[in-house]
2 protein chains.
Amino acid sequence: VVESWSFLDTVESNFRPLVVIELAKGTKEETIAWFTKRIVDKKANGGAQLLIKPLVMENGVENIYLVGASHLRLLLGAETVGLVKECSDNSMRTFTYSSRKTFKDFADDNHNFLTMAECQYIIKHELENLRAKNEKMIPGYPQAKLYPGKSIVRRLLTSGILVQIFPLHDREELKKLRHSWYGRVKVGYQPLDDIRCYFGETIALYFGFLEYFTFALIPMAVIGIPYYVFAWEDYDKYVMFATFNLLWSTVILEVWKRICAILTYRWGTLLMKRQFEEPRPGFHGVLGINPVTGREEPVYSSLKRQLRIYLVSLPFVCLCLYFSLYVMMIYFDLEQWALDYHKENESDFSSLMLYVPSIIYAVVIEIMNRVYRYAAEFLTSWENHRLESSYQNHLILKVLVFNFLNCFASLFYIAFVLFDMKLLRQSLATLLITSQILNQFAESLLPYWLQKRYNRRMKKRMCSQKTDRDLSIAEQVNMEKEMGTYLGTFDDYLELFLQFGYVSLFSCVYPLAAVFAVLNNITEIYSDALKMCRVYKRPFAEPTANIGVWQLAFETMSVISVVTNCILIGMSPQVDALFPDSKMDLVLTVALVEHLLLAIKFIMAFVIPDKPRDIQIKLAKLEFESLEALKQQ
Amino acid sequence: VVESWSFLDTVESNFRPLVVIELAKGTKEETIAWFTKRIVDKKANGGAQLLIKPLVMENGVENIYLVGASHLRLLLGAETVGLVKECSDNSMRTFTYSSRKTFKDFADDNHNFLTMAECQYIIKHELENLRAKNEKMIPGYPQAKLYPGKSIVRRLLTSGILVQIFPLHDREELKKLRHSWYGRVKVGYQPLDDIRCYFGETIALYFGFLEYFTFALIPMAVIGIPYYVFAWEDYDKYVMFATFNLLWSTVILEVWKRICAILTYRWGTLLMKRQFEEPRPGFHGVLGINPVTGREEPVYSSLKRQLRIYLVSLPFVCLCLYFSLYVMMIYFDLEQWALDYHKENESDFSSLMLYVPSIIYAVVIEIMNRVYRYAAEFLTSWENHRLESSYQNHLILKVLVFNFLNCFASLFYIAFVLFDMKLLRQSLATLLITSQILNQFAESLLPYWLQKRYNRRMKKRMCSQKTDRDLSIAEQVNMEKEMGTYLGTFDDYLELFLQFGYVSLFSCVYPLAAVFAVLNNITEIYSDALKMCRVYKRPFAEPTANIGVWQLAFETMSVISVVTNCILIGMSPQVDALFPDSKMDLVLTVALVEHLLLAIKFIMAFVIPDKPRDIQIKLAKLEFESLEALKQQ
C-alpha cells in the first residue's frame, strides 16, 4: 500500500495547518532536523509521513512548527486509529481505505469527510507513535535516552525539548458552534453533534451528561418546590418524596447508559476497538521485557508499586481524612460560638453571623479539595502506574474518597450525631450554594476574565485593529499557545458528583437542593461552553464510549443515599409518632423498607437493559456479519 | 479449499463411528435417501461432507445410522467451530487448518490430535448446520415445512422423524476414566482434564465446581465442629463464626472465578469466540425477516411474549408460591400436633414422632420442587423464546425463585416469626439431611439400579457371556440408545445452590450444616461420576467459559445470608444481654454491622481480580498480537 500512494502524496501541495508543535527556545539544530525528518519520512522508513512547516514569528525565532497531512495520509490514518464512520446504508462501520467508497459523504475530492477534530486526533496518534529505531538518545541531548520502540514525542516532552503539542482552532467553525451553542438565548438542547465534531467525544459526552442530568433533576425540583412551600415540617409526606427520589435516581442512571449508547453509536465510538495501551509518559523503570508485547521497555515491579500505595499513599490519604475531620470539628466550635453570640446580642447582624461559619467552612472545604487534588496527583504519579487508565483510576479513587468525606462529613455528623435537622438544612443549603458560586467563579469566569485581559493586551501589542477572523495564522498560533490547557473532564464530573451527593443524600430534609442544582447546571452549561470556546486551547479529541468510572461513582452515591434517607425519615418526629408504643418497631420498619428499596434498586438496574433494543439489534447485526465474513475466509 | 481436499477425503477408508442417528421406525425411503445424501454431500453443494453407514440390527430393521468423518474433514470442522488448542510454544490459539503445523502434538497421521468428544461436537455442529436450500418441506412429509436456511436436523427432530442423535461411548477410554475417577479409593483431585476430554467443558466445569466447593466448605466444617461440640448455646461466640462464614463465602465465590479462568484457559474455551446463536428447536412463529441476519426465519412478536410472561407465567409462579406457603402452614399444624402428642405421651416413640413432620415436609418439598420444575419447563417453552440462552435464563429464574421459597420459607418463618431457635436448628437439620438423602437416591442410585437391571436383561436376551469390551458395535449402540438422556447440569447446580443456602443462610445456628454438606458432596462426586459413566448416554460436549448465571445466583445467596445471619445474631439472648439498657442500641448496632459487612463484601468482590495475573497477561498478549496482525494488514 505504502508504495502506491507515496507519489500522490508528494503531489498534493495544499497545506492546511492542523496541529502546532512548540519546541523549547534554543533547541539544537541537529535535534530539529532529526525530528522534522522523522515526521515527514516515509512510513516504510519508520516516519510519520506528515507535512510540517516552520512558523516564522515576527521576532525571527523559529521554534514553532505547523503540522498537517495530505488528504490521503489522513484517510490511511483513519484506518490505523480504527475510526468508525457511517456507511451509505446508514450502518456504522470501521473505516478502511479499501472500502472507502461505501461510506456516506465520501468522495475523493471531499476533504470534509473527516472532521477537523478527527484529522487532529489522527495526527496526534501518528506523532505519538513515532518510535525510536536504533537511536540510543535524542540527537544533541545525550541525557534523553531512547530505546527501540520508545515513543519519540513522549521522550521529547518528558525531557523538556518539546514544550507542547496542541490542535489549532478553526475560527470559522468555532464561531458557528459558539452561536448555536450559547450565542443566542434559547430553550432547547445543545448541539451535541456539532460539539462532538469540534471537540471530540469525551467532551461532547460530558456536555450530554450535564444536559441529561439537568433535565433528569427537573422532576425532582418540580416536586420539591411544593414540598418546600406547603409542607416544610411534614416529614411523613417527605417519605413519598424521598422514595420517589431514590427510585428516580436509579432510573436516571440506568437510562443514561441507554442514551450514552445511542449517542456513542451515532458517533461511532461504541464500535471502536480498544487500542493497545502504551505506557503513560511519566512512567519510568529499568529496561526489561514486557511480557505482553515481548518488546524492550521500562518495567517497574508491581510489588514496589503496591508498597508505595499501601505504605505511603494509603496512610497519607488517611491523614488527610483525619485532618479534614479535625477542620470539621473547628467548624462546629465556630458554629457554637456564633450561636452563643447570637443569643447574647439578638441583632440582625448576629443572625446574619449565624451563616458565617458555614460559609467560611464551605470556602475552606473548596480550598482543601483543591490542595488535596494536587497532593493526590503528585502521589499517584509517584506510584508510577504503567497505564494512563490505571493512573486515572487510582487518582479518581483517592480524590473521590477525600472529597466525599470532606464535603459530607459535617452533614453526616449533624444528621446522625447531633440530630439537628434545622442545622442540617441550613448547612446543606450554605454548603451547596457557596460551593456552586465558588466553582462557577473559579472555573470559568476568572480564567475568562484573565484571558480576555491578556488577549486585549496581545492585540494592542500587535498594533492591529483586526477582528478575530482576519488574524493571520501566525497571530492565531501566537495567541492560542498562551491560552490555558484544558485538563480534561475530571473536575467537571467531580463537581456534578458532589452536587448529586448534596441533592440525593439528604433529599428528604431539603427538597430545594434539586432546584438549586438545576439552576446551577443551566449556568454551568453556559460557563463550561464559554470556557471550552474562549478560555482554553482547543483540546485533542478523545474517542470514548461511556463516562467510565463516573457511572460507578454515581451509582454508589445513589446506593448510599438510600441508606441516609431511610435513616433520616426514620428519625423524623412525624414518623416517630406513627409508632407511639415501640421504638423497636420503628427501627425494624425502617430497616425493612431500606432493604426493600435496595433490592428494588438492584432489580431495576438488572432489568433495565443497558442498550436500547434497536442499538442491540444493530450491534448484533455487525457481529453476525463479522462472523459470516470469518466463515467465508 | 474444498476442491483441494475432496480427493483425499474419499480415499480415506478407515471409518470410525462417532455419532448415532436414530430415525423413527417406518421412516419413508425417500426421506432417508434425501437426508443421507445431504449428510455425505460436498460442502460446496450444501452438504455436511460427513461419512454415514447404516447399522443393520439383528431383526433386520434399518433405522439406525452411524456417522463419522475423515480426519481432514474433522480438522476443517475444528476450524469452523473455532476450537482453541495449545500451540508448540504453550500458548493457546484458535485452530486453523493452515496453521495446523504450529500446534502441539499435531501430525498428519496423529488421529488423536482432536479428542473424541471434540470430534463428536464438530459432527453435531455440522449436522445442526445442514440447512434447507430450496426444499419447501421434508421429502415424504409435506407437513414438515422447510424454508431456506432452516436447520434440517432441527426440523426432523421437531417433526418426530429423527428420534435422537447421540455420541457413542468409547468403552476403552471410559474404562480408564472410570478407574482414575472413582475406580479406586483415594484421596485427591478428580482427573478434571480427562473428564473434560471425555465429556466436554460444561460437565468438567461442574465437577470442578463441585470439588472446589467441597474443599472450600472444609474450613467452615472444621471450625463448625468445635462450635457445635463445645459451645452449643454460646451465641456470642457464633458472631466470630458467622462473620468468618460471610467473608469466606465471598472469598470462595471470587476465587472460583479465578480458578474457572485457569481451567477454561487451559481448555481453550476462555478464548473461544461466541458463535452466533440460532433459534432454539422449539421456537415457532410466522415467517418473517430477522433484523439481525436479514434472513427469512420465523419471527414472534416480543410484545406477545411479554404478555405471556407477565399475564400468565408471573401469576402462575405467584400462585405456586402461595401454594407452597400454604403447604408450609399445614406443616406447622402438623408440627404442633406432634408436639402436643409428645407432651401427652412422653414416650420414646412420641419423641421420635417429633421428627416426622419435618421429614414429611422435606419429602413434600422435594416432590413439589420436581413437579414445579415440569410446570416451569412447560411454561417457559410456551413463552416461545427465540434463543436457548434466553429460555434457560427464564427457566432458571422461575425455578430458583420457587425453590428458594419452597425450601427456606419455613426456616424464615421459624426464625423471624416464631423466634424458635431450637425448632429452627431441628428443622434445618431435618430438611438438609432428608433432601440430601432423597437427592442422592433419586438422582443416581435409582437410575443406576434400573439401568443395571435393564443391561442384565439385555445381555441375557443377546444370549452372550461377553464382557463389555467384546461387545460388537451393534450391541453397543443397541444398549446405549436405550439409556437415559443426561439433561444437563441444571439439577446438579440447583442442588448445590440449595445446599449453599442451608449452609450459609442460618450458619450461626447450625454450624454442623457445613459438615453434612461436605460429607454429601464427597458422595455426590462419586454418585454423579457413576451417573455420567454408567447410567446415561454419553452427552455431547458443550464448550463453556464459566458457570454462567449460577455464579450470580450463588453471589445473591451470599448477600442474603449476610442479612439473615446478622438478624439471627442480633436476636440471640447472649448478644441481647450485651445491651441490657437499650434494645434500640442493639438493633442499631446490628444494622450497622450488617451494612459494614455488605460494604466489605462488595469491596472485596471489586478488589479481587476475576482472572489471575498470568492469565491476564496471556490474554493481553493474544489481544496485542491480533491488534498487531490487523495493523500489518
Options E625(A), E594(A), R613(A), ranked by heavy-atom pairs under 4.5 Å with chain B, top entry = E594(A)
Region of I560(A) that comes under 4.5 Å of a non-hydrogen atom in chain B | neither
Geometric cation-pi criterion, R100(A) with Y97(A): 6.0 Å, 45° | yes
For the candidates V587(A), T96(A), L619(A), L586(A), which exhibits the highest count of non-hydrogen atom pairs separated by less than 4.5 Å from chain B?
-> V587(A)
Using only heavy-atom distances, determine whether the side chains of S91(A) and K618(A) contain a donor-acceptor pair under 3.5 Å.
-> no
Bottom line for E623(A): the part with an atom under 4.5 Å from chain B's heavy atoms is side chain
Ionic contact status for R386(A) with E297(A), cut-off 4.0 Å | yes
Test item: R73(B) side-chain N/O and A48(B) main-chain N/O as donor-acceptor pair under 3.5 Å | yes
When the 4.5 angstrom heavy-atom criterion is applied to Q616(A) and chain B, the contacting part is neither
Give, for atom CE of M557(A) and atom CG of L505(A), the distance between the pair rounded to the nearest 0.5 Å.
-> 5.0 Å
Is the shortest side-chain N to carboxylate O distance from E555(A) to K601(A) below 4.0 Å?
-> no
Name the region of A620(A), side chain, backbone, both or neither, that has any atom closer than 4.5 Å to a heavy atom of chain B.
-> both
Please state whether the side chain, the backbone, both or neither of V563(A) comes within less than 4.5 Å of a heavy atom of chain B.
-> side chain
